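Counting starts at 1 for both ligands and their atoms, in listed order. Since we're looking at a predicted model, the values are computed, not measured.
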Amino acid sequence: MSISLFGRSLLTLLDFSPEEIQYLLELSKKVKNEAKNNNVFRRFEGKTLALLFEKRSTRTRCAFETAFGEEGGHPVFLSTTDIQLGAKESLEDTARVLGRMFSAIQYRGFKQETAEILAEYSQVPVYNGLTDLYHPTQALADFLTLEENFGNVKGLKLVYAGDGRNNVARSLMVISAKLGTHFTVITPDELNPDEVLLKKIAPLAEKTGAVITITSDINAVKDADAVYTDVWISMGEEDKRDERIRLLSPYQVNQKMMDKTGKSGSIFLHCLPAVKGEEVTADVIDGPQSKAWDQAENRKHTIKAVMLATLTKC
Ligand code: CP
Ligand code: NVA
C-alpha cells in the first residue's frame, strides 16, 4: 500500500495510522542520512511557512526554520506581539488570510482548539508545535531516537517519570499505543493522565499489543529500555510551582532510578529544556546513558520529514 500524506495537517498523532507514523519515521531516517552526507536539496523552493508562537521555543522554532529555509523555503516567524491571533480579529479570519499567503502554518500555543481552527479555516497543512494537550513532532523525534538505539520499537519498555498529564506524556502515550511500545507512566495519583485520553488509547493499544501502565510506584522502572522525563512545570503553569515540587520530588530521575531498570543498555530521554536538579540530575542527563542531544537533533530531521510528506509529492 503506498502512503501519501500530501495536504495533511499534524495536529495530534491520534489522526495518523501506525503505517503513516512508520512512514514518517522512515522518511526522517532518509532525510537525516541526506543531511549527514551534505545533500541539501531545494524541495521547499517557492513555498512559505508561517511560524506562529504564543509560547517560547528554542528547538521547535529552530528545527522548523532551518529545515524549511535550507531547502529554499521562506519561513516567517510571528509571535503574538506581531500579529492578531484572536485579538482584534477572529482566529477564523486570521486563518483564512494566512491560508492565502502561506503554504503551511506551524502553531505553538495554549489551546489544541486553536490549532484545529487554524487548520479548518486556512485550508493549508497546520503543524502542532506544542499545545497544552499534545506535542506530536516531539514524539516523532523521540521514537526516531528509540529506533536508532534499539532497531524496532515494538515490545520495548518506555517509562515516563514525572507529570503524567502533560503534553509530552500524552503524546508519548499515543505513539506508544500506535506502534506497540509498552508505556509506563510513573506519576503521583494527582497527576494521572486524563481518563478521556486513556479511553481513546485502550483500543489502539489492544490492537498493537502495547501495555499501558499508570502507577505511582517508582519500582515500575524495572526492565525499562528507556527512561523519559520532562519539566515538572510546563509553560503556562508557573503558578503551580510549589505544588509540583512537592508532588514530583520523589519521582526525580537520578542515577539510582536509572540503576533500578536493571538493564545496562537502558537510555535516558528528555525533550528539553531541562531543569537540572529538579526532574533530572546533571549526572544522568550529561552522562553516558543520555540520548537527549540526539533527540534534540532529531527534531529537525523529523520536522523536515513531516513537511516533505505533507507539502511535496515526495
Ligand atoms: N522540546 C521542545 O519543544 O523544545 P523547545 O521548547 O525549545 O521548542
Ligand atoms: N511540557 C513542556 C514541554 C516543553 C517542550 C511544556 O509544555 O512546557
Side-chain angles (χ1 to χ4, degrees), residues 10-13 28 49-68 75 77-80 105-115 127-146 160-175 185-188 191-194 197 226 228-241 243-245 247-248 251-253 268-276 278-280 285 290-307:
L10 173 52
L11 304 181
T12 161
L13 288 168
S28 305
L49 172 68
L51 294 169
L52 265 46
F53 281 84
E54 289 177 345
K55 293 178 177 173
R56 283 171 187 265
S57 168
T58 300
R59 279 143 289 268
T60 308
R61 174 184 174 177
C62 295
F64 271 103
E65 202 161 327
T66 59
F68 198 65
F77 176 76
L78 299 161
S79 76
T80 38
I105 299 168
Q106 183 281 164
Y107 168 72
R108 164 173 286 204
F110 295 91
K111 294 187 192 157
Q112 183 72 14
E113 197 196 348
T114 305
Y127 312 122
N128 176 357
L130 180 148
T131 62
D132 287 351
L133 292 191
Y134 297 109
H135 197 2
T137 62
Q138 179 70 53
L140 287 174
D142 302 339
F143 270 60
L144 176 60
T145 313
L146 284 175
Y160 173 96
D163 175 8
R165 33 144 303 290
N166 82 10
N167 40 19
V168 168
R170 292 169 58 94
S171 298
L172 289 172
M173 191 179 295
V174 173
I175 196 168
V185 181
I186 307 184
T187 192
L191 298 175
N192 274 347
D194 90 276
L197 181 65
Y228 196 124
T229 190
D230 182 15
V231 288
W232 288 343
I233 302 119
S234 286
M235 288 180 277
E237 300 185 327
E238 289 74 13
D239 60 325
K240 301 203 160 55
R241 181 165 182 81
E243 179 195 325
R244 288 293 166 73
I245 304 259
L247 288 172
L248 286 166
Y251 299 89
Q252 180 188 64
V253 179
F268 170 75
L269 297 174
H270 194 308
C271 56
L272 304 174
V275 184
K276 296 178 190 180
E278 287 192 7
E279 75 275 5
V280 61
I285 192 164
S290 174
K291 300 293 172 190
W293 318 109
D294 293 340
Q295 255 178 296
E297 179 192 330
N298 285 341
R299 298 296 309 287
K300 178 168 172 175
H301 305 304
T302 43
I303 280 172
K304 188 184 268 190
V306 169
M307 293 192 292

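Heavy-atom proximity to atom 4 (O) of ligand 1, evaluated over Q295, M235, R59, is greatest for R59. Among R61, Q138, R108, H270, the residue whose heavy atom lies closest to atom 6 (O) of ligand 1 is R108.
In the vicinity of C271, heavy-atom distances shorter than 4.0 Å reach the ligand 1 atoms 1 (N). Counting atoms of ligand 1 from 1 in the listed order, those under 4.0 Å from a heavy atom of H135 are 2 (C), 3 (O). Residue M235 has at least one heavy-atom neighbour below 4.0 Å for each of these atoms of ligand 2: 6 (C), 7 (O), 8 (O).
Under 4.0 angstrom from ligand 1, the non-hydrogen atoms of L272 all belong to its backbone. Residue L130 touches ligand 2 through its side chain alone, judged by heavy-atom distances below 4.0 Å.
For L272, the heavy-atom gap to ligand 2 drops under 4.0 angstrom.
Residue N167 has at least one N or O atom closer than 3.5 Å to an N or O atom of ligand 2.
Surrounding NZ of K111 are at most 12 heavy atoms belonging to other residues, nucleotides or ligands under 6.0 Å away.
We find that R241 and E278 are joined by a salt bridge, their nearest charged nitrogen and carboxylate oxygen being less than 4.0 Å apart.
For the 3.5 Å distance criterion, the side chains of T145 and Q295 fail to qualify, holding no donor opposite an acceptor.
From the protein, the heavy atom lying nearest to atom 3 (C) of ligand 2 is D230 OD2, 3.6 Å. Protein heavy atom closest to atom 7 (O) of ligand 1, with residue, atom name and distance, is T58 N, 2.7 Å. Of all protein heavy atoms, the one lying nearest to atom 2 (C) of ligand 1 is R299 NH1, 3.2 Å.
The minimum heavy-atom distance between L13 and L140, with the atom names listed, is CD2-CD2, 4.2 Å.
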